[in-house]
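Residue numbers start at 1 and run along the sequence shown.
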Amino acid sequence: MMTADDQLIEALDARVKRREDRRDFFRLAFGAAAAGAAAGLIPGQAMAQTVTDADVLNFALNLEYLEANFYSFAVNGTAITGIDGTGAQGSATGGRKVNFTDPVVAAYAREIAQDELAHVNFLRTQLGSAKVAQPTIDLGTSPSGAFSSAARAAGIITDVSASFDPYASDENFLLGAFIFEDVGVTAYKGAAPLITNKTYLEAAAGILAVEAYHAGLVRTVLYRKGIGTPATATAPAIAANPALITYAGQISDARDSLDGSSDDDQGIANVTVAEGSGSNIAPLDANGIAYSRSTGQVLNIVYLNKAQVTMGGFFPAGVNGNIKTSANNA
């Protein structure tokens, strides 16, 4: 005859078994759906290959190479080093040091530069011999370069011979950072279901949180500079520059035009609340949840192309690794 303790133990064992069964089911279900998204597939399209944890981490590493080099140029005037690995190794070119005039922006830039380099080093260490090399990255300011093309798509510049220089001022730097930071958040959010290894998933969640802090920081500073602030006992007044809020909204719209038909990407202001218009520092859905992008959608943005392609924009020769094709949103 079973004792009360025996019955309790049996009930707990059954509960654990049910939880494990549910976890296995959802892991398999999400894994199958996410693998299709990772390959940039549409419903009914056959998947060419299985996406592994290493593929997902290498995809993230390509994005970290992009961000780390941008901030390294802005803060130090140089690209990052230690970029070997599998695939065609390229260099990051065109960037230069920003002559920061706002000490707050300079401090934030130094912090983010350190964080992004740490992400690169962490992912490279975790991947070991499977890590991809840094691909060719365009961070220059020529009229035909990636930054100018992105700014032209957003309507910040209009003439084909004009250029956008994210290193020319604090404000331009913030707009350049804004192009990347929100994309990084949605990329990690979208990639989370692809990762099967619990340790890697926890690490990716940690990086996602840091990228979200970065994105919120950039959005906050742009918004503050956009509306201006009065002088205080310890700080001078900041003159309002509403063009920054306008430009941020236009960059959001440009990203939306590349990654599909949804209108998830939003600017940094003009959210209607009970008291009137407010900021939009955290771009969320109706449930207060950050939205996701598939790997294909992420590549649409960094390639600056809504068609299904394998290179372009900030990665003129494409990214390295097995996930390299953008989604077909043309």
Side-chain angles (χ1 to χ4, degrees), residues 34-41 47-73 78-95 113 116-140 145-147 149-150 179-180 183-184 186-188 190-192 194-197 200-201 203-204 207 211 258 293-305 307-328:
L41 302 179
M47 187 167 64
Q49 62 185 21
T50 300
V51 176
T52 67
D53 285 355
D55 292 332
V56 177
L57 294 183
N58 271 319
F59 176 75
L61 179 57
N62 280 283
L63 301 179
E64 296 294 352
Y65 282 140
L66 174 63
E67 290 187 305
N69 275 291
F70 172 64
Y71 289 109
S72 182
F73 272 126
T78 59
I80 66 172
T81 58
I83 55 175
D84 63 305
T86 60
Q89 180 174 324
S91 57
T93 59
E116 299 299 353
L117 180 59
H119 291 168
V120 167
N121 292 334
F122 172 78
L123 290 173
R124 286 173 58 85
T125 299
Q126 294 302 308
L127 286 160
S129 61
K131 64 182 180 291
V132 295
Q134 176 184 287
T136 298
I137 298 174
D138 173 19
L139 291 170
F147 271 120
S149 296
I179 293 174
F180 299 138
V183 179
T186 57
Y188 275 101
L194 310 178
I195 302 173
T196 60
N197 181 288
Y200 291 162
L201 179 59
I207 296 177
E211 296 293 350
L258 295 170
R293 282 188 173 97
S294 71
T295 55
Q297 291 175 311
V298 171
L299 291 174
N300 285 129
I301 295 172
V302 295
Y303 288 167
L304 300 177
N305 197 324
Q308 190 175 59
V309 296
T310 58
M311 63 184 69
F314 293 97
F315 294 98
V319 297
N320 282 325
N322 291 326
I323 303 174
K324 61 179 62 178
T325 304
S326 60
N328 185 10

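When Asp84, Asn69, Asn320 are each tested for a side-chain hydrogen bond (donor to acceptor under 3.5 Å, both in side chains) with Gln134, only one passes: Asn69.
In terms of heavy-atom proximity, Pro135 sits nearest to Gly318 at CB-O, 3.4 Å. When all heavy atoms of Ala192 and Leu201 are compared, the closest pair comes out as O-CD1, 3.5 Å. The two residues Leu304 and Ser149 make their nearest non-hydrogen contact at CD1-CB, 3.9 Å. Across all non-hydrogen atoms, the minimal contact from Ser72 to Ile80 is CB-CG2, 3.8 Å. The two atoms that bring Ile83 and Gly90 nearest to each other are CD1-O, 3.4 Å, heavy atoms only. Summarising the geometry of Ala327 relative to Asn300, their closest heavy-atom pair is O-ND2, 2.9 Å, with the distance given to 0.1 Å.
Note that OG1 of Thr50 and CG of Asp55 are 9.0 Å apart. Values are rounded to the nearest 0.5 Å. Of the inter-residue distances, the one linking Thr52 atom OG1 with Asn322 atom CG reads 7.0 Å to the nearest 0.5 angstrom. Summarising the geometry, atom CG belonging to Asn58 is positioned 11.0 Å from atom CG belonging to Leu63; distances are rounded to the nearest 0.5 Å. Taken from OG1 in Thr196 to CG in Asp53, the straight-line distance is 3.5 Å, to the nearest 0.5 Å. Here the straight-line distance linking atom CD1 of Ile195 with atom OH of Tyr200 works out to 10.0 Å at 0.5 Å rounding. His119 NE2 to Glu67 CD: the interatomic distance, rounded to the nearest 0.5 Å, is 8.5 Å.
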Report task. Could you walk me through whether Val298 and Val183 pass side-chain contact (heavy atoms from CB on, under 4.5 Å), step by step? Result -> CA-CA 7 Å; Val298 171; Val183 179; 3.9 Å; yes
**Report entry** Steps toward side-chain contact (heavy atoms from CB on, under 4.5 Å) verdict (Phe147, Ile179)
**Finding:** CA-CA 9 Å; Phe147 271 120; Ile179 293 174; 4.1 Å; yes
Requested in this report: List the steps and the verdict of side-chain contact (heavy atoms from CB on, under 4.5 Å) for Val309 and Thr325.
Outcome: CA-CA 6 Å; Val309 296; Thr325 304; over 6 Å; no
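By the 4.5 Å heavy-atom criterion applied to side chains, Tyr65 and Val319 are not counted as neighbours. The side-chain heavy atoms of Leu194 and Phe59, taken from C-beta on, include no pair separated by under 4.5 Å. The shortest distance between side-chain heavy atoms of Gln297 and Thr186 does not fall below 4.5 Å. Considering only heavy atoms from C-beta on, Leu66 stays 4.5 Å or farther from Asn62 through its side chain.
Between Phe315 and Tyr303, the two ring planes are perpendicular [angle over 60°; tilted spans 30° to 60°].
Checked by atom type and distance alone, the side chain of Ser326 never pairs as donor or acceptor with a backbone atom of Thr310 at under 3.5 Å.
Remark: aromatic rings of Phe180 and Phe314 are close, center separation under 6.0 Å.
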